[in-house]
Structure formats: C-alpha cells, structure tokens
K.L.:
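There's a structure below that I have some questions on.
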Amino acid sequence: MQTDKVRSPLQASEGPMTQFIDEALGDWLKKWPPPTVRPHLLPSLVEEPDAIVRVAAVLFFASLATEEKEPTQVAVAWHARGTLGLKGEREHDLPLSSIWKKDPNGLAWEVLPFGRRVLDVANLAKTSPVTEFGKSMLVVGQERGQFYIEGVARLRPRSRGGRSWVLKAEAPGVVTIEIGGIEVFRYERGAVVPSPPDIFNSTVVAGALSEASRELMGPDSGRTSMFGPSPIEIIRSLTESMNRTQHGGLLLFLPSEITDDDLERVKLHVDDEEVLLRAISKVHRLASSVEDDLAHGRNSGEGGDVELDAARQELDAWVDVVGRFSAVDNAVLIGPCFRVYGAQYEVVSESAPLIYEASDVYGAAGAVYRRHHGSRHRAAASFVEKEEGRIAILSSADGPLRCFMKVEGKVVMWPFRL
C-alpha cells in the first residue's frame, strides 16, 4: 500500500515503539481484519485503505489545531460516496430491542448535506464546531481522488452505524477508528494503543447484572420480554449519562438488598426507589404484547408501536436523570432490579484493597495496578471487595472509564471507553 508520508511530531516517552501515524495505520491494516469485529460487519477494504490513511492523517493534525482558542474535537463518518452513500447505509446488527420496529435492516444514519469543502486540516478545524462531539459528526467522501467534507450526520436511535467507518479526534494527538461502534484502532502519544475490552459483553459483568435482576419484572408486571431492555443495556445507558456530565462520578450496584447501615450513608435519598424499575417493566410489558402479536401473526397496529416507543423514551429520560446524580460528591447507589437508593453515598473502609488489572473480559487477574489515584478509585475498590457480584463503574474527568468487580477473591479493574 503506497501513501504519502504524514509525519507526527508526537513522541511517546514510554510504551510501544513510536511511529508516524501513516506507518502505524499501514502496519495495522496489514493485519486486517480486526478479531473484535464480526465478519458480516466489516467494511470493504478493496478501494479504501489509502483513503483511511489520508482521512486519519488530516484528522490527526486537525486535532492539534485550535478554533476560537478551543482544541479541535471532532468525529468523521467516512463513506467513499459521501453523504449519498451514508444515507443509504443500513444497520445490519440491530439489538433485539429494535426488531419490534419491523425494520431489522433499517437505515443507520440521519444525514444533512451541505456545500462541499475540500478536506484539509484548516477546513476540518474550521467546520468542526457545527458538530457536537459524541452526538454528531462530519461526513467525508471522495470523488476522482479528491476528498471533501460534505455534510453532518448522526446515528439513528440504537444504531451502531452499519458498515461505516467512524474516525474520531477526542483529544490533541489522539485518533481512533470505530466499526459498528467497536473501537478497532487507537493512536495516542505517537504509538498504537491496544483497544480496551468491551466490558458490556463480559460474561462476568453481564452475569452479575442478570443475577441481580432476576426478578426485574416484579410479581404483577408479567413476563420479561426478549425485545425489552436487558440489564446490560440499562447499565450502559446509565454509564453514558454519567460520562456526559464530564464531571467524574461513581455508580455502585448492589446484588442484594440494601442494609440499614448502607442506607444511612446515602445523604441524598430518592423517595421513589422504583422509578427505573417501573419504567423498565412498562417497556417489557408493552414489548411482550408486540412479541405475542408477531408470534401469532397478528398486526398490533400503529398504536401499539407508538405506545412502546413512548415508553422507551420515558425510560431513556429517567436513566439520564439517574445517571446525572453521579455529578454530586461520592457515589450513586443502585440495588437489585435497578432500585435507586440515592446519591452522595459514602463508602467507608479502613484501607483500600489491592487492585488487579483484568487481563481479559472474564476478569482474570493480571498485574497489580500500581498507579496512584484519588478517593473515587479507593471507594470503588473498597465497595466491590465486600461482596462478589457488586459492580462499580467509575468516570474520571480526565481519563477512561473503569469497571471494578471482585472475581475469585480479587478486586479486578477493566479500563474501557464508550
């Protein structure tokens, strides 16, 4: 693969050998496909390797630029046919919760084209403020060897982008590439950094949540729907809400009923503990009705779809409210079946336990984590150390998210990103 050399001024002081970004991408593409992405989701690389290197290089240097004294933070959706191609991109791996829409291969993107601009560092930095990082991105396409910025796009609800490439500059000198919502490449401080595990697909985390949510529906709510939100979807959405505050926070999940001692340490009590449970149960109840109609060949009618969609929006709104409680001091405490006890919960411990870096998604303990961190890390480790099945999700204002659990008697920690 021949590309014009694009030189990076960044040098890493430790870790993997430093490389210029084009060289790093070239080595990565030689190992294609990435093992973390299922084959049917992989974009074609027949005509795109050179394009990916070109777009990533422009994005890298744009990340070092400033606009109105602010660093350029921007994401790009790449499609060889630009906005026209992205408009037709379909979601090939929708979660079960979206199948009730009767459109399992629905469109993945909402796209707003605008006047073309040549893709270069100056134009990318200048145009980046029309997007909100994490919510929308610029669309880049190619025609006759020239690259253009052609519009702005955002993912449709519960879509992962189909087979599109998404490239992001989240901080100066940092470039990531995602496929189907999964990070497959990360360049940082002049070197390729291994992508973190997807803890939301970890059997350990998912198993603990499922065990704590066995009675999710309650005695009068009916059966759990296959198309309704799973416990892992709820914890991911709560984590996303916490992360959007950009404040740093801590979500703590109990697998068993709360003790009086723990309840006394919740300084900001929630009077309606079942606000999430009730919203989750409502979605499951309505989704179950849709499932029954589909199973028996009945048409549930547009009214059933509208009611279910409204219930999902109500659940999303309450999840966002609860996640934002993490912005106050200490932690948000959540019990079995997502009962919300409140915020400003203080974890009391005489000393912090040893923390081991998880070596895989199953929680196998690797090396002891030696870096020094503040009170939130100590609180998360101390909380999960008391009982297996407890989960702590930590958000730092200046670093990746972290998940803590006690696995086979040891406190393990996964760093991860959304």
K.L.:
Could you give me the CA-CA distance, side-chain angles and deciding distance for Met137 and Val166, then say whether side chain to side chain contact (heavy atoms under 4.5 Å, CB included) is met?
P.N.:
CA-CA 9 Å; Met137 57 196 75; Val166 173; 3.9 Å; yes
K.L.:
Can you tell whether the side chains of Arg265 and Asp262 come within less than 4.0 Å, N to carboxylate O?
P.N.:
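Judged by the 4.0 Å cut-off on N to carboxylate O distance, Arg265 and Asp262 do form a salt bridge.
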K.L.:
Can you classify the ring geometry of Trp28 versus Phe185 as parallel (below 30°), tilted (30 to 60°) or perpendicular (above 60°)?
P.N.:
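Rings of Trp28 and Phe185: tilted, 30 to 60°.
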K.L.:
Are the charged groups of Arg278 and Asp272 less than 4.0 angstrom apart, N to O?
P.N.:
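Judged by the 4.0 Å cut-off on N to carboxylate O distance, Arg278 and Asp272 do form a salt bridge.
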K.L.:
Would you find a donor on one side and an acceptor on the other, under 3.5 Å apart, between the side chain of His79 and the backbone of Arg81?
P.N.:
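Pair found, side chain donor or acceptor close to backbone of Arg81.
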K.L.:
Would you please indicate if the ring centroids of Tyr369 and Tyr356 are separated by under 6.0 Å?
P.N.:
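No, the ring of Tyr369 stays outside the 6.0 Å limit from the ring of Tyr356, centre to centre.
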K.L.:
For Tyr345, does the OH atom sit with more than 12 other heavy atoms under 6.0 Å from it, leaving out its own atoms?
P.N.:
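Above 12, so yes.
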K.L.:
Rounded to the nearest 0.5 Å, what separates atom CZ in Arg54 from atom CG in Leu59?
P.N.:
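So the CZ of Arg54 and the CG of Leu59 are separated by 13.0 Å.
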K.L.:
If you round to the nearest 0.5 Å, how far is OG of Ser164 from CD1 of Ile179?
P.N.:
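The distance works out to 10.0 Å.
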K.L.:
When you check the gap from the basic side-chain N to the acidic O, do Arg116 and Glu150 get nearer than 4.0 Å?
P.N.:
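Glu150 and Arg116: salt-bridged.
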K.L.:
Which residue is it: Val332, Leu333, Leu268? I am looking for the one with a side-chain contact (heavy atoms from CB on, under 4.5 Å) to Gln344.
P.N.:
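Result: among Val332, Leu333, Leu268, Leu268 is the only option passing the side-chain contact (heavy atoms from CB on, under 4.5 Å) with Gln344.
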K.L.:
When you measure from the side chain of Ser136 to the backbone of Glu132, do you find a donor-acceptor pair of N or O atoms at a distance under 3.5 Å?
P.N.:
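Present.
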K.L.:
Distance-only, no hydrogens or angles: does the Lys406 side chain make a donor-acceptor pair with backbone N or O of Val384 under 3.5 Å?
P.N.:
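No, the answer is negative, given that no donor and acceptor are paired below the 3.5 Å cut-off.
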K.L.:
Run the numbers on Trp414 and Met405 for side chain to side chain contact (heavy atoms under 4.5 Å, CB included), then give the verdict.
P.N.:
CA-CA 9 Å; Trp414 296 264; Met405 283 190 69; 3.9 Å; yes
K.L.:
Could you tell me whether a side-chain N or O of Gln142 sits under 3.5 Å from a main-chain N or O of Ala51, the two making a donor and an acceptor?
P.N.:
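Side chain of Gln142 to backbone of Ala51: no pair is present.
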K.L.:
Walk me through whether Leu276 and Val322 qualify under side chain to side chain contact (heavy atoms under 4.5 Å, CB included).
P.N.:
CA-CA 9 Å; Leu276 284 185; Val322 172; 4.1 Å; yes
K.L.:
Check whether any side-chain N or O of Glu233 sits under 3.5 Å from a backbone N or O of Ser230 as a donor-acceptor pair, and report yes or no.
P.N.:
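Judged by distance alone, yes, a pair lies under 3.5 Å.
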K.L.:
Which heavy atom of Val74 sits nearest to which heavy atom of Leu138, and what is that distance?
P.N.:
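Reported closest heavy-atom pair: CG2-CD1, 4.1 Å.
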K.L.:
Are Val76 and Trp165 packed together at the side-chain level, in the sense that at least one heavy-atom pair is separated by less than 4.5 angstrom?
P.N.:
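Counting from C-beta outward, Val76 and Trp165 never come under 4.5 Å.
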K.L.:
How far does NE2 of His284 sit from CG of Leu308, to the nearest 0.5 angstrom?
P.N.:
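One finds 11.0 Å between NE2 of His284 and CG of Leu308.
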K.L.:
Can you measure from CD (Glu385) to CD1 (Ile355) and round to the nearest 0.5 angstrom?
P.N.:
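Glu385 atom CD to Ile355 atom CD1 measures 11.0 Å (nearest 0.5 Å).
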K.L.:
Does Ser128 use its side chain to pair, donor to acceptor, with the backbone of Ala125 at less than 3.5 Å?
P.N.:
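The answer is yes, because a donor-acceptor pair under 3.5 Å joins these two groups.
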K.L.:
Without hydrogens or angle criteria, can the side chains of Ser396 and Arg376 be said to hold a donor-acceptor pair below 3.5 Å?
P.N.:
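No.
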K.L.:
Could you tell me if the side chain of Leu124 sits less than 4.5 Å from the side chain of Lys126, heavy atoms only?
P.N.:
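Sidechains of Leu124 and Lys126: no contact.
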K.L.:
At their closest point, which heavy atom of Ser326 faces which heavy atom of Met242, and how far apart are they?
P.N.:
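For Ser326 versus Met242, the nearest heavy atoms are OG-CG, 3.0 Å.
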K.L.:
Flag the pair Thr72 / Leu64 as yes when at least one side-chain heavy-atom distance between them is below 4.5 Å, and no otherwise.
P.N.:
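They are not in contact (no side-chain heavy atoms under 4.5 Å apart), so the answer is no.
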K.L.:
Looking at Lys168 and Glu170, does any basic side-chain N land under 4.0 Å from a carboxylate oxygen?
P.N.:
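Not counted as a salt bridge, because no side-chain N and carboxylate O are separated by less than 4.0 Å.
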K.L.:
Can we say Asp329 and Lys267 salt-bridge, meaning some charged N sits less than 4.0 Å from an Asp/Glu carboxylate O?
P.N.:
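Between Lys267 and Asp329 there is no salt bridge, as every charged N stays at least 4.0 Å from the carboxylate O atoms.
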K.L.:
List the steps and the verdict of side chain to side chain contact (heavy atoms under 4.5 Å, CB included) for Tyr341 and Ile334.
P.N.:
CA-CA 6 Å; Tyr341 298 120; Ile334 298 173; 5.9 Å; no
K.L.:
Taking all non-hydrogen atoms of both residues into account, name the closest pair between Ala331 and Leu252 and its distance.
P.N.:
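Residues Ala331 and Leu252, closest heavy atoms: CB-CD1, 3.6 Å.
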K.L.:
Would you kindly say whether Glu387 and Ser256 are connected by a side-chain donor-acceptor distance under 3.5 Å?
P.N.:
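There is such a pair (donor and acceptor under 3.5 Å, judged by atom type) between the side chains of Glu387 and Ser256.
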K.L.:
Less than 4.5 Å apart, side chain to side chain, heavy atoms only: is that true for Gln19 and Asp27?
P.N.:
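They are in contact (side-chain heavy atoms under 4.5 Å apart), so the answer is yes.
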K.L.:
Grab the two heavy atoms, one from Phe133 and one from Ala169, that are nearest each other, plus how far apart they are.
P.N.:
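For Phe133 and Ala169, the tightest heavy-atom pair comes out as CE1-O, 3.9 Å.
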K.L.:
Atom CD1 of Ile393 and atom CD1 of Ile235: how far apart are they, to the nearest 0.5 Å?
P.N.:
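Interatomic distance, Ile393 CD1 to Ile235 CD1, rounded to 0.5 Å: 4.5 Å.
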K.L.:
Working to the nearest 0.5 Å, report the span between CZ of Phe338 and CG of Leu277.
P.N.:
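Nearest 0.5 Å value for the CZ-CG distance: 10.0 Å.
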K.L.:
If we only count heavy atoms from C-beta on, is the Val205 to Cys403 side-chain gap below 4.5 Å?
P.N.:
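Of all side-chain heavy-atom pairs linking Cys403 with Val205, at least one is under 4.5 Å.
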K.L.:
Could you check whether the rings of Phe147 and Trp78 sit parallel, tilted or perpendicular, using 30° and 60° as the cut-offs?
P.N.:
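Rings of Phe147 and Trp78: tilted, as their planes differ by 30° to 60°.
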K.L.:
For the residue pair Pro229 and Val283, what are the closest heavy atoms and their distance?
P.N.:
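Between these two residues, the closest heavy atoms are CD-CG1, 3.5 Å.
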K.L.:
For residues Leu354 and Lys410, determine if any side-chain heavy atom of one lies less than 4.5 Å from a side-chain heavy atom of the other.
P.N.:
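No - every pair of side-chain heavy atoms lies 4.5 Å or more apart.
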K.L.:
Distance under 6.0 Å and angle within 45° of the ring axis: does Arg390 meet both against Phe383?
P.N.:
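Ring-cation test returns yes.
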K.L.:
Regarding Glu110 and Arg154, does a basic nitrogen lie under 4.0 Å from an acidic carboxylate oxygen?
P.N.:
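Looking at Glu110 and Arg154, the cut-off is met.
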K.L.:
Counting C-beta onward and ignoring hydrogens, is there a side-chain heavy-atom pair between Ser63 and Pro71 closer than 4.5 Å?
P.N.:
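Result no, sub-4.5 Å side-chain heavy-atom pair not found.
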K.L.:
So Ile177 and Tyr187, do their side chains get closer than 4.5 Å, heavy atoms only?
P.N.:
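Tyr187 does not reach Ile177 side chain to side chain.
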K.L.:
Which heavy atom in Val204 sits nearest to a heavy atom in Gly363, and how many Å separate them?
P.N.:
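Taking every non-hydrogen atom into account, CG2-N, 4.3 Å.
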